[in-house]
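Report on one structure; see the data block that follows.
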Amino acid sequence: MRGLIIAIDGPVGSGKSSTARRVAELLGYTYLDSGAMYRAVALKALRQGIPFDAAAQLEALAAETRIDLLAGESGQRVLLDGADVTAEIRTPKVSQFTSKISVQAGLRVHLVAEQRRVGAAGGVVMEGRDIGTAVFPHADLKIFLDASVEVRAQRRLAEHTARGEKITLEQMMGEVHERDARDTDREASPLVRAADAVLVDNTAMDVEETARLVVMLAREKAESRV
Ligand code: DC
């Protein structure tokens, strides 16, 4: 029997990446970070000076861009047209620009097609904003992760501080609010909880607890399919 398709969606700092990666590890599944794909296209657009609202140019850019997500010992590596951009796609500037270009439906078509290609065979944990609603509306298990905005901003702040970037909690809260609003209010595949997604609020849970809860739900799903 094929492995499950597990969709994990949620806002900035809800722990999607770390949870999805750990769930994939525990189940022996493939992990796919869809946000990294949007970030890679955003970085390329920034480098080429393409404005965030140039819909046709962004769509063409997504169509001609090759993005590889490689599982490495020290986490996932992201290759943009063959070059490693793992660190570069995580700066605040790229985060904001990514959220701005992600409203473009034309660009999304190309990335969604690639995500479906990777996940179609099952045995995959995919995380993002629209996995359970648009990419895999028939996913076997859908999780909507959330946490309080303070905790989400603190998690992001810790990531930035660890990389030596100077940013205050107030600035981070502002960024999180801004990105939440843009990701939620856009017309093309907005961040919304699918009706059949399990809501997991992990404000008071760590990654391991969250991942084990998801694994438990996945095992229940797998058993009910037999
Ligand atoms: O998960 P992340 O922070 O790496 O995502 C960066 C941005 O990419 C996010 O603000 C919105 C966009 N995104 C999206 O529109 N759809 C997805 N499935 C994943 C990310």
Side-chain angles (χ1 to χ4, degrees), residues 5-21 31-46 52-53 55 58-59 61-62 65 67 69 75-78 80 85-119 124-137 139 142-147 149 152-153 155-160 163 167 172 174-194 197 202 207:
I5 295 177
I6 303 178
I8 302 185
D9 291 302
V12 180
S14 57
K16 298 183 302 293
S17 301
S18 13
T19 302
R21 198 178 302 122
Y31 160 63
L32 193 132
D33 170 5
S34 67
M37 299 173 72
Y38 288 90
R39 285 171 180 272
V41 174
L43 177 64
K44 190 166 171 179
L46 273 171
F52 70 87
D53 54 356
L58 288 167
E59 181 176 350
L61 192 73
T65 299
I67 303 162
L69 304 178
Q76 172 189 256
R77 283 173 56 228
V78 182
L80 170 61
V85 293
T86 310
E88 247 180 300
I89 60 166
R90 300 285 162 194
T91 64
K93 184 178 173 192
V94 174
S95 297
Q96 284 295 341
F97 195 72
T98 307
S99 160
K100 287 186 187 166
I101 67 161
S102 300
V103 308
Q104 302 295 346
L107 166 151
R108 302 189 69 86
V109 166
H110 296 282
L111 300 188
V112 167
E114 179 61 12
Q115 289 153 18
R116 288 192 180 136
R117 192 187 62 76
V118 175
V124 68
V125 187
M126 199 171 291
E127 53 106 346
R129 302 290 187 291
D130 62 340
I131 309 303
T133 51
V135 182
F136 287 113
K142 299 181 190 177
I143 305 289
F144 192 89
L145 272 192
D146 208 352
V149 68
R152 294 191 289 113
R155 288 175 183 162
R156 272 294 144 103
L157 185 68
E159 284 170 24
H160 286 291
R163 289 199 296 266
I167 180 162
M172 203 67 240
E175 281 212 17
V176 166
H177 273 302
E178 205 182 311
R179 222 147 48 95
D180 279 354
R182 213 181 288 121
D183 296 346
T184 308
D185 295 343
R186 70 182 181 213
E187 257 176 56
S189 306
L191 169 67
V192 59
R193 178 185 162 196
N202 66 9
V207 173

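Atoms within each ligand, like the ligands themselves, are counted from 1 in listed order.
- Salt-bridge formation is detected for the pair Arg182/Glu178: a Lys NZ or Arg NE/NH1/NH2 atom is positioned less than 4.0 Å from an Asp or Glu carboxylate oxygen.
- Across Arg129, Arg77, Arg90, a single residue satisfies salt bridge (charged side-chain N to carboxylate O under 4.0 Å, His left out) together with Asp33, and that is Arg90.
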field: Check against side-chain contact (heavy atoms from CB on, under 4.5 Å), Glu59 and Val109
entry: CA-CA 8 Å; Glu59 181 176 350; Val109 166; 5.6 Å; no

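- Ala153 approaches Met172 most closely through the heavy-atom pair O-CG, 3.4 Å.
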- request: Tell me, with the steps shown, if Arg193 and Thr133 meet side chain to side chain donor-acceptor pair (under 3.5 Å).
  value: CA-CA 8 Å; Arg193 178 185 162 196; Thr133 51; over 6 Å; no

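- Salt bridge absent: Asp180 and Arg156 never bring a charged side-chain N and a carboxylate O closer than 4.0 Å.
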Please tabulate protein-ligand N/O pairs under 3.5 Å for ligand 1, atom names and distances to 0.1 Å.
| residue | atom | partner | partner atom | Å |
| --- | --- | --- | --- | --- |
| ligand 1 | 1 (O) | Arg129 | NH1 | 2.9 |
| ligand 1 | 3 (O) | Arg39 | NH2 | 3.0 |
| ligand 1 | 3 (O) | Arg129 | NH2 | 3.3 |
| ligand 1 | 3 (O) | Arg179 | NH1 | 3.2 |
| ligand 1 | 4 (O) | Arg39 | NE | 2.7 |
| ligand 1 | 4 (O) | Arg39 | NH2 | 3.4 |
| ligand 1 | 10 (O) | Arg179 | NH1 | 2.8 |
| ligand 1 | 10 (O) | Asp183 | OD1 | 3.3 |
| ligand 1 | 10 (O) | Asp183 | OD2 | 2.9 |
| ligand 1 | 15 (O) | Arg108 | NH1 | 2.8 |
| ligand 1 | 15 (O) | Arg108 | NH2 | 3.4 |
| ligand 1 | 15 (O) | Arg186 | NH1 | 2.8 |
| ligand 1 | 15 (O) | Arg186 | NH2 | 3.0 |
| ligand 1 | 16 (N) | Arg108 | NH2 | 3.0 |
| ligand 1 | 18 (N) | Ser34 | OG | 2.9 |
| ligand 1 | 18 (N) | Arg129 | N | 3.1 |
| ligand 1 | 18 (N) | Asp130 | OD1 | 2.8 |

